[in-house]
Amino acid sequence: MISKLQVKYIQSLGQKKHRDIEGLFIAEGPKIVKELLQEKNANLQHLYALDAWIEDNKELLSETEVILINESELDQISQLTTPNQVLAIFRKFEFDESLHYAGISLVLDSIRDPGNMGTIIRIADWFGISRIVCSNDCADVYNPKVVQATMGSIARVPVFYAELSEWLKNQKRTTIYAAVMDGEDVANITDI
């Protein structure tokens, strides 16, 4: 059983201000929690789960402390409309922004919808994008809806926020392509 104070604390992590202060984020649901537990750079802080999920994942949890909760408690702490078996709290990922990232960087401007942001991160992971640089007005990468939509890719693709005009000016030896409505067809560009 979890206390009212714990419930209130977990609920507070649904807000960016509290996530930033605590340096934590929430991941929910069997698939994403399992994905994150298998990532070496994922720093688990707390794991709350229904008995059935714990039973199904005994091997994965052999060295992990799990707080057993019931469905009513899961409903109270969940950020989802339909809570799903498990909720985990992780420390935010630490990626060194100053490192040189080989490969393709994806730069996003004003992506405000959390579901779209998470989907873009997941697709970037699929295509081997080495990092994502976002304008400061993009959706927060640790928003529960973004985390949910990444399906675990949040652990594999570094995401940074920057003033894009300044960041782009500092990319001296990088070829920059922009996807715009009146742009040239990528199939017609010969120097890619």
Side-chain angles (χ1 to χ4, degrees), residues 13-47 57 60 64 79-80 84 86-180 183 186 189 192:
L13 294 175
Q15 299 172 17
K16 183 181 183 334
K17 175 176 91 171
H18 294 286
R19 289 191 301 272
D20 289 347
I21 291 169
E22 298 296 324
L24 303 172
F25 71 96
I26 294 172
E28 293 190 63
K31 181 167 177 32
I32 189 165
V33 170
K34 191 172 183 177
E35 284 267 336
L36 290 174
L37 288 174
Q38 293 171 337
E39 290 291 332
K40 290 179 183 171
N41 65 337
N43 186 344
L44 176 69
Q45 300 297 299
H46 303 285
L47 183 61
N57 293 280
L60 179 65
T64 305
Q79 303 288 314
L80 302 175
N84 195 353
V86 61
L87 180 144
I89 299 174
F90 290 92
R91 182 140 311 277
K92 288 182 175 184
F93 297 102
E94 293 183 20
F95 298 112
D96 188 350
E97 191 175 346
S98 66
L99 287 178
H100 174 72
Y101 287 86
I104 297 173
S105 295
L106 178 62
V107 180
L108 303 175
D109 188 20
S110 302
I111 305 296
R112 292 188 179 98
D113 182 87
N116 290 345
M117 179 69 133
T119 300
I120 290 169
I121 294 168
R122 189 173 73 238
I123 292 169
D125 183 26
W126 175 259
F127 283 103
I129 301 295
S130 62
R131 72 173 164 185
I132 297 175
V133 181
C134 300
S135 62
N136 290 318
D137 62 346
C138 281
D140 176 28
V141 69
Y142 295 106
N143 176 307
K145 290 180 181 177
V146 174
V147 172
Q148 190 71 23
T150 70
M151 299 303 275
S153 293
I154 190 172
R156 294 182 291 274
V157 180
V159 177
F160 303 105
Y161 290 81
E163 180 56 48
L164 292 186
S165 59
E166 283 299 310
W167 186 85
L168 289 167
K169 281 181 195 173
N170 293 328
Q171 306 310 304
K172 302 293 183 202
R173 289 192 237 140
T174 304
T175 304
I176 299 171
Y177 298 93
V180 293
V186 71
I189 299 174
I192 292 183

- Message: Between Leu87 and Val33, is the side-chain contact (heavy atoms from CB on, under 4.5 Å) condition met? List the steps.
- Response: CA-CA 7 Å; Leu87 180 144; Val33 170; over 6 Å; no
Closest approach of [X] and [Y], non-hydrogen atoms and distance?
{"X": "Ile104", "Y": "Ile129", "value": "O-CG2, 3.3 Å"}
{"X": "Ile26", "Y": "Gly14", "value": "CD1-N, 4.4 Å"}
{"X": "Ala155", "Y": "Phe95", "value": "O-CZ, 4.0 Å"}
{"X": "Trp167", "Y": "Val107", "value": "CZ3-CG2, 3.5 Å"}
{"X": "Ser153", "Y": "Asp125", "value": "OG-OD2, 2.8 Å"}
{"X": "Ala88", "Y": "Leu47", "value": "CB-CD1, 3.6 Å"}

Taking C-beta and beyond as the side chain, do [X] and [Y] meet within less than 4.5 Å on heavy atoms?
{"X": "Leu36", "Y": "Phe25", "answer": "yes"}
{"X": "Asn143", "Y": "Lys16", "answer": "no"}
{"X": "Ile132", "Y": "Leu108", "answer": "yes"}
{"X": "Asp137", "Y": "Tyr161", "answer": "no"}
{"X": "Leu13", "Y": "Gln15", "answer": "no"}
{"X": "Tyr142", "Y": "Phe93", "answer": "yes"}

- Message: For Asp113 and Lys145: C-alpha separation, side-chain torsions, deciding distance, then whether salt bridge (Lys or Arg N to Asp or Glu O under 4.0 Å) applies.
- Response: CA-CA 9 Å; Asp113 182 87; Lys145 290 180 181 177; over 6 Å; no
- Query: Any chance the side chains of Arg131 and Ser105 put a donor and an acceptor closer than 3.5 Å?
  - Reply: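 There is such a pair (donor and acceptor under 3.5 Å, judged by atom type) between the side chains of Arg131 and Ser105.
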- Quick check: does any side chain N or O of Ser135 sit under 3.5 Å from a backbone N or O of Ser110, one acting as donor and the other as acceptor?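 The answer is yes, because a donor-acceptor pair under 3.5 Å joins these two groups.
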- Message: Out of the candidates Arg112, Arg19, Lys92, only one should pair with Asp140 under the salt bridge (charged side-chain N to carboxylate O under 4.0 Å, His left out) rule; please name it.
- Response: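 Exactly one pass, corresponding to Arg19.
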- Message: Walk me through whether Arg156 and Arg122 qualify under side-chain contact (heavy atoms from CB on, under 4.5 Å).
- Response: CA-CA 9 Å; Arg156 294 182 291 274; Arg122 189 173 73 238; over 6 Å; no
- salt bridge (Lys or Arg N to Asp or Glu O under 4.0 Å) contacts touching residues 157-166 (sequence neighbours left out):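 Listed by first then second residue: Glu166-Lys169.
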- Electrostatic pair Glu22:Lys17 at N-O distance under 4.0 angstrom: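 No, Glu22 and Lys17 are not salt-bridged.
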